[in-house]
Number of protein chains: 2
Amino acid sequence: MAHPVDAGGSWASRAAERLAAAGYRLGGARAAVLDLLDEQPCALTAYEIEAALRGRGRAVGRASVYRVLDELDELGLVTRVELGQSQARYEPARPDHHHHHLVCERCGAVVPFDDAGLERAIDALSRRADFDVHGHDIVLRGACAACRGSLS
Amino acid sequence: MAHPVDAGGSWASRAAERLAAAGYRLGGARAAVLDLLDEQPCALTAYEIEAALRGRGRAVGRASVYRVLDELDELGLVTRVELGQSQARYEPARPDHHHHHLVCERCGAVVPFDDAGLERAIDALSRRADFDVHGHDIVLRGACAACRGSLS
DNA sequence: TTTTCTGCAAACTGTTTGCAAAGGC
DNA sequence: GCCTTTGCAAACAGTTTGCAGAAAA
């Protein structure tokens, strides 16, 4: 096996399959990005991905990071989110782990959350809207637990 | 009266007052941006603002547009939204006209909407969260009425 | 008349693209 | 061996900043 992209039912292995089915080859850069994303519970920026890969001795060119993320996004394998920090973030799309984000306005921390009531409200609205709704993003802004406590 | 920034209870006049109270002078660029924003029902990009002002013979330097928007955002007079189009949009903050956005993935149209159920769900969640929630953004993605109809 | 504001041009940051070399299949 | 993928460097788009002249108060 040339590249790990671990086995079984992991997100990475499913993503690798779909990439192959779409005619993509599994080169070093793609495999490295898949492996890293597979471990992420929440969204990373392209720069964070690049740095993490370099940090683990699997450096990948910046352009390749962007190219891979773009392909994955197009295939629906990652979710691209913009949290108002002027740079995109990407996270593995796991249908069973749908979530949204809280952004701390003080320290910039990004915290995932999910809420059934919110999803219900969106579903109801989507059915009523004069618009074909394919997806949604929700961002809450405020102060995270740590920053709230440390305020004067 | 040096600059129009119309009278009465308009958003622009309230914004002008708060700017003055914060120690800002009402120069030509600020007045022009206030007047333009006052007419907007939804969010514009900096580029759209610049073009609209030029179009009405009140050209304003790009840097000034950004500077004014930044000040207004800091004072809470405009709302800055990022709709996943890699550029920020700004709209007058009218507490009585709180709304969110639908973005058409086909034509890029931005359509405002509001929904009481959604706001209720967010309020409930905010009260429960381990986070001080100050605000929220919601973006629905899909196909607008026009694009939905014209699909093959 | 003092201090702020404005426009220009240059700098910056995040992202994309062209191209030659390396590498899957 | 053919064709894709990769990394580099240069190009780009949106945004920010420094500075000198224009203009509020």
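Sequence lines set the chain letters: A, B, ... in the order given, protein chains first and strands last, and positions in each chain run from 1.
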In whole angstroms, the gap separating C1' of C/dG14 from CD of B/Gln85 amounts to 17 Å
Which residue lies toward the 5' end of DNA chain D, B/Ala46 or B/Tyr24, if each is placed at its nearest nucleotide?
-> B/Ala46
Say whether, by atom type as modelled, one donor and one acceptor occur between the side chain of A/Arg89 and the main chain of A/Ala43 under 3.5 angstrom.
-> yes
With a non-hydrogen cut-off below 4.0 angstrom, is B/Thr45 in contact with a base, only sugar-phosphate, or nothing?
-> nothing
Measure the distance from CD on A/Glu48 to P on C/dT13 and round it to the nearest whole Å.
-> 17 Å
For B/Ala20, report the nucleic acid contact type (base, sugar-phosphate, nothing); a contact means any heavy atom under 4.0 Å.
-> nothing
Whole angstrom value for the distance that separates P of D/dT15 from CG of B/Leu44 | 13 Å
Residue pair A/Pro92 / A/Leu37: nearest heavy atoms and the distance that separates them = CG-O, 3.2 Å
Within a radius of less than 6.0 Å around CZ of B/Arg141, do more than 12 heavy atoms belonging to other residues, nucleotides or ligands occur?
-> yes
Let me know the distance between CZ of B/Arg58 and P of C/dG7, rounded to the nearest Å.
-> 11 Å
Specify the separation, in whole Å, of atom CD of B/Glu50 and atom P of C/dG7.
-> 10 Å
Test B/Leu44 against every option in B/Leu36, B/Val78, B/Val110, B/Leu69 by the side-chain contact (heavy atoms from CB on, under 4.5 Å) rule and name the one that passes.
-> B/Leu36
Would you say the side chain of B/Arg25 and the base of C/dT3 hold a donor-acceptor pair, judged only by whether the two atoms sit under 3.5 Å apart?
-> yes
Whole angstrom value for the distance that separates P of C/dG24 from CG of A/Leu26 = 9 Å
Between C/dC8 atom C1' and B/Arg54 atom CZ, what is the distance in whole Å?
-> 13 Å
Give a yes or no on whether the backbone of A/Ala145 and the side-chain of B/Asp130 come within a donor-acceptor separation of less than 3.5 Å.
-> no
Any side-chain donor-acceptor pair under 3.5 Å between B/Glu91 and B/His97?
-> no
Name every residue in residues 60-76 of chain A that has at least one heavy atom under 4.0 Å from any atom of DNA chain C, in order of residue number, or write none if there are no such residues.
-> A/Arg62, A/Ala63, A/Tyr66, A/Arg67
Quick note, B/Arg30 side chain, CB onward, closest among C/dT6, D/dG14, D/dA25 is C/dT6
In whole angstrom, give the distance that lies between atom CD of B/Gln87 and atom C1' of D/dT16.
-> 16 Å
Once the angle between the rings of A/His98 and A/His136 is folded into 0 to 90°, is it parallel (under 30°), tilted (30 to 60°) or perpendicular (over 60°)?
-> perpendicular
Has the side chain of A/Ser126 got a donor or acceptor atom that lies under 3.5 Å from a matching backbone atom of A/Ile122?
-> yes
End axis versus end axis in the helix from C/dT1-D/dA25 to C/dC25-D/dG1, the angle rounded to 10°, five pairs used at each terminus | 40°
Sorted by chain and number, sequence neighbours left out, side chain to side chain donor-acceptor pair (under 3.5 Å) with A/Arg54 holds for A/Glu50
